[in-house]
There are 2 protein chains.
Amino acid sequence: MTSISTEPRTCSVARTLEIVGEKWALLAVREVFLGNRRFDEMVRKTGAPRDTMTARLKTLVAEGVLERRPVSEHPPRFEYRLTEAGLDLYPVIVSLMQWGDRHLTNGEAPPMVLTHRCGHPLGAVTTCSSCGEPIHARDVRPTPHRDSLEGN
Amino acid sequence: MTSISTEPRTCSVARTLEIVGEKWALLAVREVFLGNRRFDEMVRKTGAPRDTMTARLKTLVAEGVLERRPVSEHPPRFEYRLTEAGLDLYPVIVSLMQWGDRHLTNGEAPPMVLTHRCGHPLGAVTTCSSCGEPIHARDVRPTPHRDSLEGN
DNA sequence: GCCACTACGTCCAGTTATCGGACTTACTGC
DNA sequence: GCAGTAAGTCCGATAACTGGACGTAGTGGC
């Protein structure tokens, strides 16, 4: 009964990273968001080794992020599509892109600009679903818990 | 002149992933957001091998995401703090957590709940900075570019 | 029919990274 | 002096990644 089990923390971040916490996995997902759903295209546009891409796609499919479906019987051809869960990864991709645009383009224009249907270049703001305010780390606390996050 | 250079795509997502595109890197950052700034704490709470944590912290510091500062001279002790750039990673962490909460807790309560200063449990919505609307992949297009993303 | 080409992988061998556990150094507190 | 903590380092075994060649199933041109 005396469960002294300290740590590793079980947390949704860790769980999510077990699935998409690797460069090629996320880049594959990025490509599908950009409309490139075919194996060879993903390999070319991401630069991933074919073997690695095969492995990543396999787990993404197994975990329900992508769906592999045949698009042609006779030349046997397949495409990978985002499932509902996969589509929900969009904020992850967008926030990674946002961060790179802000901190990794030294002065230069970002390598790709996304345009929102409102007509403006996409800037992403993560907001609180309850109050609508932009979220800052300092305004958030873990639930009744020993771990504090005072300061930064 | 005829630059036939096809691909690998240069994109902010890829660049960002070169720095934080690995499980332990992101989990280290998560810990710092949660207020745990010391080496041993990060190792325990993340479950990362000490060696790997050392390596990740080194690159995070080199890339300007974290800052390593001494907190005590005499027992030589250090802590890792988020830089401005590091703080900007919050949306990434939050959206990963959000995704896990939504897709990886089968029915059960999420392992950690964050409370926003507005008093409500944090739900994150990624919105367009121009029009304020929540962003959906289908409402976004890459700038004047051959790649389409019709369908999903 | 034959050749060239594409798509979607697999196979291989060499290199690199990860892992867990033990060990080191520099202290403090009893 | 002895136990304990913090922050790493070192090590050997295993696993993962990498680039390039190869395989297979088809198409289209001539």
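In what follows, chains are A, B, ... by sequence order, proteins preceding strands, each numbered from 1. Computed over heavy atoms, backbone and side chain alike; hydrogens, waters and symmetry mates excluded.
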Counterpart residues, side-chain hydrogen bond (donor to acceptor under 3.5 Å, both in side chains), relative to B:Glu63 (two or more places apart): none
Residues which pass side chain to side chain contact (heavy atoms under 4.5 Å, CB included) with A:Glu84, listed by chain and number, not counting sequence neighbours: A:Leu87
Report the residues that fulfil side-chain hydrogen bond (donor to acceptor under 3.5 Å, both in side chains) with A:Thr52, sequence neighbours left out, ordered by chain and then residue number. none
Ignoring hydrogens and angles, write down the donor-acceptor pairs under 3.5 Å from the side chains of residues 122-133 of chain A, residues two or more places apart or on other chains.
{"residue": "A:Thr127", "atom": "OG1", "partner": "B:Val125", "partner atom": "O", "Å": "3.0"}
{"residue": "A:Ser129", "atom": "OG", "partner": "B:Gly123", "partner atom": "O", "Å": "3.2"}

Positional range of nucleotides in DNA chain C within the contact set of chain B, heavy-atom, under 4.0 Å: C:dT18 to C:dT28
Give one of base, sugar-phosphate or nothing for A:Thr52, where a contact means two heavy atoms less than 4.0 Å apart. base
Residue pair A:Trp24/B:Arg50 against DNA chain D: nearer the 5' end by closest nucleotide is B:Arg50
List in chain and number order the residues that pass side chain to side chain contact (heavy atoms under 4.5 Å, CB included) with A:Arg102, two or more places apart in sequence or in another chain; answer none if no residue qualifies. A:Gln98, B:Asp88
Mind running a 4.0 Å heavy-atom check of residues 61-77 of chain A against DNA chain C and sending the residues that fall below it, in number order? A:Arg68, A:Arg77
Using the test side chain to side chain contact (heavy atoms under 4.5 Å, CB included), find all partners of B:Asp51 that sit at least two apart in sequence or belong to another chain. none
For chain A, the stretch of DNA chain D it reaches, first to last nucleotide, under 4.0 Å of its heavy atoms: D:dC17 to D:dT27
Residues pairing under ring-ring contact (aromatic ring centres under 6.0 Å, His included) where one sits in residues 96-120 of chain B, two or more places apart or in two chains, turn out to be B:Trp99-B:His103
Only residue of A:Arg30, A:Glu31, A:Arg44 satisfying side chain to side chain donor-acceptor pair (under 3.5 Å) with A:Asn36 is A:Glu31
Side-chain polar contacts of residues 22-29 of chain B - donor-acceptor pairs under 3.5 angstrom, sequence neighbours left out - could you list them?
{"residue": "B:Glu22", "atom": "OE1", "partner": "B:Trp24", "partner atom": "N", "Å": "2.9"}
{"residue": "B:Glu22", "atom": "OE1", "partner": "B:Ala25", "partner atom": "N", "Å": "3.3"}
{"residue": "B:Glu22", "atom": "OE1", "partner": "B:Arg56", "partner atom": "NE", "Å": "2.6"}
{"residue": "B:Glu22", "atom": "OE2", "partner": "B:Arg56", "partner atom": "NH2", "Å": "3.4"}
{"residue": "B:Lys23", "atom": "NZ", "partner": "A:Glu18", "partner atom": "OE2", "Å": "3.3"}

Taken in chain and number order and not counting sequence neighbours, the residues that satisfy side-chain hydrogen bond (donor to acceptor under 3.5 Å, both in side chains) with A:Arg77 are none
